[in-house]
Number of protein chains: 2
Amino acid sequence: MQDSERLSGQDQLIERFGTYFESIGFQPIAGRIIGLLSVSDREELSFDEIINRLKISKGSASVVLRKLVAECRVAVVENGRRHYYKLKQQNLFELLDEFERMCDSARHLLNATIDLKTDKESSNAKYFNEIINTIDRYKTITATMRQAVQTI
Amino acid sequence: MQDSERLSGQDQLIERFGTYFESIGFQPIAGRIIGLLSVSDREELSFDEIINRLKISKGSASVVLRKLVAECRVAVVENGRRHYYKLKQQNLFELLDEFERMCDSARHLLNATIDLKTDKESSNAKYFNEIINTIDRYKTITATMRQAVQTI
DNA sequence: TTTTTAGTTCAATCGCGATTAAACTAAATA
DNA sequence: TATTTAGTTTAATCGCGATTGAACTAAAAA
């Protein structure tokens, strides 16, 4: 594969990472930075390399990188005056935890909604109960999966 | 429970539904409408009831409701000149499908990223492979779950 | 000590989706 | 037929997060 080909391929992937992370609530620039750090062959990039490759201002890079570091998405290595950044690998179990917390809060909201219904047998009340049951079934299964993985 | 108590309880839940749906990409008003239709005791509400309870303009209600109907989140019943709206209950398997499509596209992006790496043994390449394996394990499990539920 | 460099800070602005207001349409009603 | 009513359309505006630019700080280099 030629260098130019690789570069343009990387640009496309950076864009895809970017739109994905945008869709889950990150700033556009944050998504591109995660993309660049994911895609790039050298996995530790300086502040300058980042702003030059992505063509963004020092200001936004500074703000967004600080946020990404605070959120443990990116790790920073200081080397003299220079800062180097690399992707911080997430603990996959923590990702699962996060998803389960989301399910829990949905479950909680649906329960509160049913509690407030005059008619607990109404169509929506039944539907919400069905969703709650599905969430509970799902949690049983992931608990099993978690155990299985942990005992390997 | 008193009526006033129930009403303010509903308002709070509407707000919680609203912020939840906002967080997954819906317009604020769309989230509140879904909340109102989820929480309200009468589960079929007229255009007027919606704009009065949520204190929103006819214009935004019209636009947002059309969108929600197009997305199959809300069903509309026309009765003479009046339109009545109710929550459209989703097929829970379709929700699962949607989640799996999301996993598939993530898997695809990670694969493309590894393909483009010069060093397939780099730290990030290994990390991405680990995520792919986790996704695959997850899919095996949900397939089993799906079969189990379908044969009930 | 002076100069250069790396990154930070923050006020200003940009961009854009969400929302409204008011004119408008079409159907029901009188 | 004239009027009322229910909802639609769309131009204008609002609000706000994202981004920039330029001044600024602090540390390294000269």
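Each chain gets a letter, A, B and so on, in the order its sequence line appears, and its residues count up from 1.
- Ring geometry, B/Phe26 versus B/Phe21: the interplanar angle exceeds 60°, so the pair is classed perpendicular (tilted spans 30 to 60°).
- Axis orientation changes by 0° from one end of the helix from C/dT1-D/dA30 to C/dA30-D/dT1 to the other, with each end axis drawn from 5 pairs and the value rounded to 10°.
- Within the 4.5 Å cutoff, side-chain heavy atoms of A/Ile132 are placed close to those of A/Asp136.
- The stretch residues 21-31 of chain B touches DNA chain C through B/Gln27, B/Pro28, B/Ile29, each having a heavy atom within less than 4.0 Å of the strand.
- Applying a 4.0 Å cut-off to non-hydrogen atoms, the residues of residues 48-66 of chain A that approach DNA chain C are A/Lys58, A/Gly59, A/Ser62, A/Arg66, listed by residue number.
- The two residues B/Asp41 and B/Arg6 come nearest to each other via the heavy atoms OD2-CD, 3.7 Å.
- Across all non-hydrogen atoms, the minimal contact from A/Ser122 to B/Glu43 is OG-OE2, 2.8 Å.
- Listed by chain and number, the residues in a side-chain hydrogen bond (donor to acceptor under 3.5 Å, both in side chains) with B/Glu130 amount to none (sequence neighbours excluded).
- Contact record, A/Lys120 with A/Ile114: NZ-O, 3.2 Å, taken as the closest heavy-atom pair.
- A/Ser38 contributes atom OG, which lies 12.5 Å from atom CG of B/Leu116 (distance to the nearest 0.5 angstrom).
- Aromatic ring centroids of B/Phe99 and A/Tyr138 lie 6.0 Å or more apart.
- Exactly one of B/Ile14, B/Val64, B/Leu87 qualifies for a side chain to side chain contact (heavy atoms under 4.5 Å, CB included) with B/Ile33. That residue is B/Val64.
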Begin from the C-alpha positions of B/Glu71 and B/Lys88 and carry the test salt bridge (charged side-chain N to carboxylate O under 4.0 Å, His left out) through to its verdict. CA-CA 10 Å; B/Glu71 290 166 351; B/Lys88 184 141 182 182; over 6 Å; no
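- For the pair A/Ala112 and B/Arg16, the tightest heavy-atom approach, listed with the atom from each and the gap, is CB-NH1, 4.4 Å.
- Scanning residues 67-85 of chain B for heavy-atom distances under 4.0 Å to DNA chain D yields B/Arg81, B/Arg82, B/His83.
- From B/Asn111, atom CG reaches atom CG of B/Asn129 across 7.5 Å, with rounding to the nearest 0.5 Å.
- B/Leu37 and A/Asn124 make their closest contact through O-ND2, 3.1 Å (heavy atoms, listed as atom of the first residue, atom of the second, distance).
- Boundaries of the chain A contact region on DNA chain C are C/dT4 to C/dT9, first to last in 5' to 3' order (nucleotide atom under 4.0 Å from a heavy atom).
- Here the shortest heavy-atom pairing between A/Gln90 and B/Tyr127 reads N-OH, 2.9 Å.
- Aromatic ring orientation, B/Phe47 versus B/Tyr85: tilted (interplanar angle from 30° to 60°).
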